[in-house]
Number of protein chains: 2
Amino acid sequence: MGYMNRASADEPRWLNDEEQRTWQAYLHATTLLDDHLDRQLQRDAGMPHIYYGLLVKLAAAPQRRLRMTELAMESKITRSRLSHAIARLEKNGWVRREECPSDKRGQFAVLTDAGYEVLRRTAPGHVTAVRQALFDRLTPEQQKSLGEIMEIIAEGLQPKEAGADLPWLR
Amino acid sequence: MGYMNRASADEPRWLNDEEQRTWQAYLHATTLLDDHLDRQLQRDAGMPHIYYGLLVKLAAAPQRRLRMTELAMESKITRSRLSHAIARLEKNGWVRREECPSDKRGQFAVLTDAGYEVLRRTAPGHVTAVRQALFDRLTPEQQKSLGEIMEIIAEGLQPKEAGADLPWLR
DNA sequence: TCGGGAAGGTTGAGACTTCAATCATCACTC
DNA sequence: GAGTGATGATTGAAGTCTCAACCTTCCCGA
């Protein structure tokens, strides 16, 4: 059951053996990599991978600041999740909130110097971890292929149509 | 910072532009797909994706039962996480625990009829969701490539050596 | 300009995960 | 057969995420 291989009239198209293998491999790889990087960063930077990603986005943004919804969108998460995360990072002194002059509802998340420093200190170790787990194991063709595939999947999950169920609009 | 493109003496090999794009695409796709399937299953089956996966493993196992550590290993998660999860699924009546006769420390997680029924009822919708998000969007070559790549990554993250930091041995 | 819906963001409760500590049993050795 | 370390599994607390409810401000048409 689940992804079984069967065949009958009005039944859904179950995954065949190869598809099941591919899907299992996907689940295994993503689960393990997620766990691996979360652990690496928790140990070396004191925060989970997704939080680290937030700091990276802020560091790359003009003025090292981003509107909350924009940051949520770039990170593919909900605004609620982001609110909680920023609250935690603020407590650490790595991010600070600033009001938006042009829209009084708006808030900026701003990377502090301390936040930048954490990034500066831990980025080398993290990029190494990513290389070891991913890039170092794949041929250039596989890297290219992976990029294309992941872009297709990501695109498919964020349709342009109005009313789409996107995390940052939830 | 984070995956910046720089060059100097003893600095780590930062990700180049294409690598950064690939990595971003990977993060976006996995985050969105995880969210998407979690939501689909929470809505239709009343449990998160990983819990659903546990039921699927049990359904496929002989006697519809698996030792805790074995189930954790197949699911790539920690035993602690599994303990909590099984406790919840037990409360739902979808899984029951049984002692292991040959090793009094051991426990079996056993899929109940009610658990099997949930699977029977929700599997079609789930496999459809997976197809729509993943397989339907990829060419056969891309599917093959994805499977190979993910197997490489998964393999790389579970080294055979003793002392490896594997979730289910934590 | 008033009213109502949409957009930006936060909050608290409950659900889930992590981490370290714990307990019981097993396997091995002397 | 007693001691010791390893294995199988659980627990509770703290951290994180989801969901729904909420508040404020903006937008826009009547």
Atom CG of B/L166 and atom C1' of D/dG8: how far apart are they, to the nearest Å? 16 Å

For A/R170, which contact category applies under a 4.0 Å heavy-atom criterion: base, sugar-phosphate, or nothing? nothing

Expressed as a whole number of angstroms, how long is the span from A/Q42:CD to D/dT16:C1'? 10 Å

If we count only N and O atoms by modelled type, under 3.5 Å, do the side chains of B/S145 and A/S145 hold a donor and an acceptor together? yes

Does a side-chain N-to-carboxylate-O contact under 4.0 Å join B/R21 and A/E148? no

N or O in side chain of A/T78 less than 4.0 angstrom from D/dC19 OP1/OP2: no

Answer with base, sugar-phosphate or nothing: what part of the nucleic acid does A/T69 contact at a heavy-atom distance below 4.0 Å? sugar-phosphate

Atom CE of A/M73 and atom C1' of C/dG9 are separated, to the nearest Å, by 14 Å

When you check the phosphate oxygens OP1 and OP2 of C/dA7, does a side-chain N or O of A/R79 lie under 4.0 Å from one of them? no

Touch check for A/R67, heavy atoms < 4.0 angstrom, all strands: base, sugar-phosphate only, or nothing? sugar-phosphate

Students often get this wrong, so: under 4.0 angstrom with heavy atoms, is A/I77 touching a base, only sugar-phosphate, or nothing? nothing

Report the distance from atom CG of B/L82 to atom C1' of C/dT18, rounded to the nearest whole Å. 14 Å

Report the distance from atom CZ of A/F108 to atom P of C/dG8, rounded to the nearest whole Å. 13 Å

Across the strands shown, which category fits B/I50 at heavy-atom distances under 4.0 angstrom: base, sugar-phosphate, nothing? sugar-phosphate

What about B/H84, does its side chain sit under 3.5 Å from the base of D/dG12 through a donor-acceptor pair? yes

What is the nucleic acid contact for A/R43, judged by heavy atoms within less than 4.0 Å: base, sugar-phosphate only, or nothing? nothing

Taking only side-chain nitrogens and oxygens of A/R81, does any of them come within less than 4.0 Å of OP1 or OP2 of C/dT10? no

Charged N to carboxylate O below 4.0 Å: is that the case for B/E117 and B/R120? yes

Side chain of B/S80, heavy atoms from C-beta onward: which of C/dA6, C/dT10, D/dT11 has the nearest atom to it? D/dT11

Just how far, in rounded Å, is C1' of C/dA7 from NZ of A/K104? 17 Å

Please classify the nucleic acid contact of B/D103 as base, sugar-phosphate, or nothing, using heavy-atom distances under 4.0 Å. sugar-phosphate

Comparing nearest nucleotides in DNA chain C, the 5'-proximal residue of the pair A/L169, A/D38 is A/L169

Specify the separation, in whole Å, of atom CG of B/D35 and atom P of D/dT16. 19 Å

Do the charged groups of A/R131 and B/E19 touch, with an N to O distance under 4.0 Å? yes

Quick one: is C/dA6 close enough that its OP1 or OP2 comes under 4.0 Å of any side-chain N or O from A/R105? no

Charged tip of A/R64 within 45° of A/Y116 ring normal and under 6.0 Å: yes

Output the rounded distance in Å from CD (B/Q107) to C1' (C/dC26). 15 Å

Presence of salt bridge, A/R81 and B/D35, under 4.0 angstrom: no

Just N and O in the side chain of A/R88: are any of them under 4.0 Å from OP1 or OP2 of D/dC17? no

